[in-house]
2 protein chains.
Amino acid sequence: MADVAALAGVSSQTVSRVSMGLDNVRPETRRRVLTAMAELGYSANVAARALRYGSYGTLGVIAHRLARTGESRTVEAVVEAARAEGYTVTLVDVESPSSDDVTAAAARLSHQAIDGLVIIRAETATPDTLALPPGMPVVVSDSRFVGHHPAVGADQIDGARKATQHLLDLGHRTVHHVAGPADSGPAQMRADAWRAALTEAGRDVPDVLRGDWTAGTGYEIGRDLAPDPGVTAVFCANDETAAGVLRALHEAGRRVPDDVSVVGFDGIPLAEHLWPPLTTVVQDFSGIGRALVDLLLQQVRDGRALDDVHTLVPVELVVRASTGPAPRRHGT
Amino acid sequence: MADVAALAGVSSQTVSRVSMGLDNVRPETRRRVLTAMAELGYSANVAARALRYGSYGTLGVIAHRLARTGESRTVEAVVEAARAEGYTVTLVDVESPSSDDVTAAAARLSHQAIDGLVIIRAETATPDTLALPPGMPVVVSDSRFVGHHPAVGADQIDGARKATQHLLDLGHRTVHHVAGPADSGPAQMRADAWRAALTEAGRDVPDVLRGDWTAGTGYEIGRDLAPDPGVTAVFCANDETAAGVLRALHEAGRRVPDDVSVVGFDGIPLAEHLWPPLTTVVQDFSGIGRALVDLLLQQVRDGRALDDVHTLVPVELVVRASTGPAPRRHGT
DNA sequence: GGCACCGATGTTTACGTAAACATCAGCGGA
DNA sequence: TCCGCTGATGTTTACGTAAACATCGGTGCC
């Protein structure tokens, strides 16, 4: 900056004014400064600016298993929304969603230069154990922090109800559920809503089949289910799991949807191109990302904590070829 | 820091020494300072430290369409590798891979606090138009920058050759190719290698079918291909595209692999659970991520540019049920 | 013509940290 | 006993920026 000032024959303060776009600089002076800046390849030092202002123009994001569908799409949306607001995003991927790891990540990040923190799917973390720097604005996505930190989540319950009801409407006597891991909040909500929908309809509630979001366990569970003629409708906690179930059904020679109907959850781009195309509950990940950034920036800018805000993002059931009428039973 | 010093009854310099872990502080003094730090919830201000040192402990990453398979897995690996080296990662997602957008993103990022820059799949950008701050260390992944910036890429050529050869070995007369977008370097390399493999084997080279990495165009192209009995083997530029092709073949009633064999590229987790399970060329994304960070940190730490380093990460052909012997032709 | 005011620009200072240098107490050897 | 050395700690300064304040030349009005 001093070099630029010297070259342009002005004071460093004038350079600062030009670089900040203030208008109380003579056009002629401004031009000289800009020329000097270009010539020296000058650009403002962010560290100094952050030091001066106490803010960084950066949001921290903590995600678990970033490469997973929901995570990467949410992160993409957060990055996008943050950019629109003039913020960049610093990312930390935690190995496990345990509160210890999340706390450690939060600590690492808050020692970094961030103005606020987005926690994506802090599955098992409980509020008591999440130690955050005092005054650090936080939002969480899809978690159990609801009531402790502002939160944004897709309407898991509505989605799971719609999926279950869709299958019942098609004439299936009951619906089996391949759930996500027990320590996941969203998995729990989906399972609960599935159970509630069956109970309200007065149907039998089969045991929950416990998956871990991966296609691999979906496949294994599917192989157990396939020989059972009583299984005619399966609601899977996510699309990957559903893909595994579909594969197991194909291998066992059971036709989809003639013998068994399958529904997924998430709405991954590939869902439409599985075989058969998968009926699924589509989440609006980019809406979630925008809402997260929105809620976070409200706090960052007002310097005020929003404790009990909870934004619910609607979901949509998209019906495709993987679901169909229940097969006629013998003697019916 | 001043508050901590006052509370502990020492100078701020002593606080600094404790916070940096230097050992020339009496244990008793250190204890007092640590107590004061804990009491006040003190943690060092990164901006000031960065200002003092001129380095930020942060790497910038520019990605296009972050939620795509290869991108998110590479980013995850970069984040992981960077963390292992004590760096955090700041992320920018560009809307298009054009050099304009990448340049703008690089400019935005270099105004941010970063020590080095990772560009993932800068598809169309050409070196001439990529204006980077002088002295900013850079690595690129899978791009045409090879020879201008240090680069890391999967061995696209070997992978595409293996895929094509695998199909020829199964007795197929030729192999059709559903390519990625024309402006993508990796797509180009895969198409070139496919063409070379066919030519060397003395086979006909069908027209390239131009996709855009999505399952949607794979499906559309698949619908065009399905009615043609001359099409018995299809090599797709990525797994998503292959999923679309599979769907189109199923809908048209062509059996896989009995009538048509299909090969993908990338090795997404879902590939194994498509129907039928997809033969594909598996890329080692986490290896790529590690190599990128490696190459970048060499430059950051030595302050020296590595101009013509090009790390090639091996790929592996994984054969599954989507490929099989060529169907017997009439009269053979 | 002189004075008050305004816009353009320069000067001083503070942000929080850590290196460099200064100081000071205590200890061992001559 | 005194000197010099060593280790612990304090003081000064610089990093690059921008706010706050100071200055200076010009303009308009009485």
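Throughout, a chain's letter reflects where its sequence line sits, starting with A, and its residues are numbered from 1. Computed from heavy atoms alone, side chains included, the values below leave out hydrogens, waters and symmetry copies. Note that this is a predicted model, so its numbers are computed, not measured.
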Pick out the pairs of N or O atoms, protein on one side and nucleotides 4-12 of chain C on the other, that lie under 3.5 Å.
| unit_1 | atom_1 | unit_2 | atom_2 | d |
| --- | --- | --- | --- | --- |
| C:dT9 | OP1 | A:R26 | NE | 3.0 |
| C:dT9 | OP1 | A:R26 | NH2 | 3.1 |
| C:dT9 | OP1 | A:T29 | OG1 | 2.4 |
| C:dT9 | OP2 | A:R26 | N | 2.8 |
| C:dG10 | OP2 | A:S11 | N | 2.8 |
| C:dG10 | OP2 | A:S11 | OG | 3.0 |
| C:dG10 | OP2 | A:T14 | OG1 | 2.7 |
| C:dG10 | N7 | A:R17 | NH2 | 2.9 |
| C:dG10 | O6 | A:R17 | NH2 | 3.4 |

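- Side-chain N or O atoms of A:D93 include none that pairs as donor or acceptor with a backbone N or O of B:V79 at under 3.5 Å.
- Rounded to an integer number of Å, the gap from CE of A:M1 to P of D:dC15 is 13 Å.
- Within the 3.5 Å criterion, the main-chain N or O of B:Y56 finds a donor-acceptor partner in the side chain of B:D115.
- The side chain of B:L51 sits closest to D:dC15 out of D:dC15, D:dT17, C:dA18.
- Counting any heavy atom pair closer than 4.0 Å across all strands shown, B:R52 reaches a base atom.
- Atom CZ in B:R31 sits roughly 17 Å away from atom P in D:dA8 (whole-Å rounding).
- Here C:dA25 presents its P atom at 19 Å from CD of B:E28, a figure rounded to the nearest Å.
- Rounded to whole Å, the distance from CE on B:M20 to C1' on D:dT9 is 16 Å.
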Show the numbers, then the answer: is there a side-chain hydrogen bond (donor to acceptor under 3.5 Å, both in side chains) between A:S19 and A:R49?
CA-CA 12 Å; A:S19 102; A:R49 203 168 268 189; 3.2 Å; yes
For salt bridge (charged side-chain N to carboxylate O under 4.0 Å, His left out), just list the numbers for A:R65 and B:E76, CA-CA rounded to whole Å, side-chain angles, deciding distance to a tenth of an Å, and then say yes or no.
CA-CA 8 Å; A:R65 299 279 311 127; B:E76 182 178 19; 2.8 Å; yes
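- We find the CD1-OG1 distance between A:I288 and A:T311 to be 10.5 Å, quoted to the nearest 0.5 Å.
- Distance A:L22 CG to D:dA20 P: 12 Å, rounded to the nearest Å.
- A close approach under 4.0 Å does not occur between any side-chain nitrogen or oxygen of A:Y53 and OP1 or OP2 of C:dA14.
- At a threshold of 4.5 Å between non-hydrogen side-chain atoms, the residues A:Q283 and A:Q156 count as touching.
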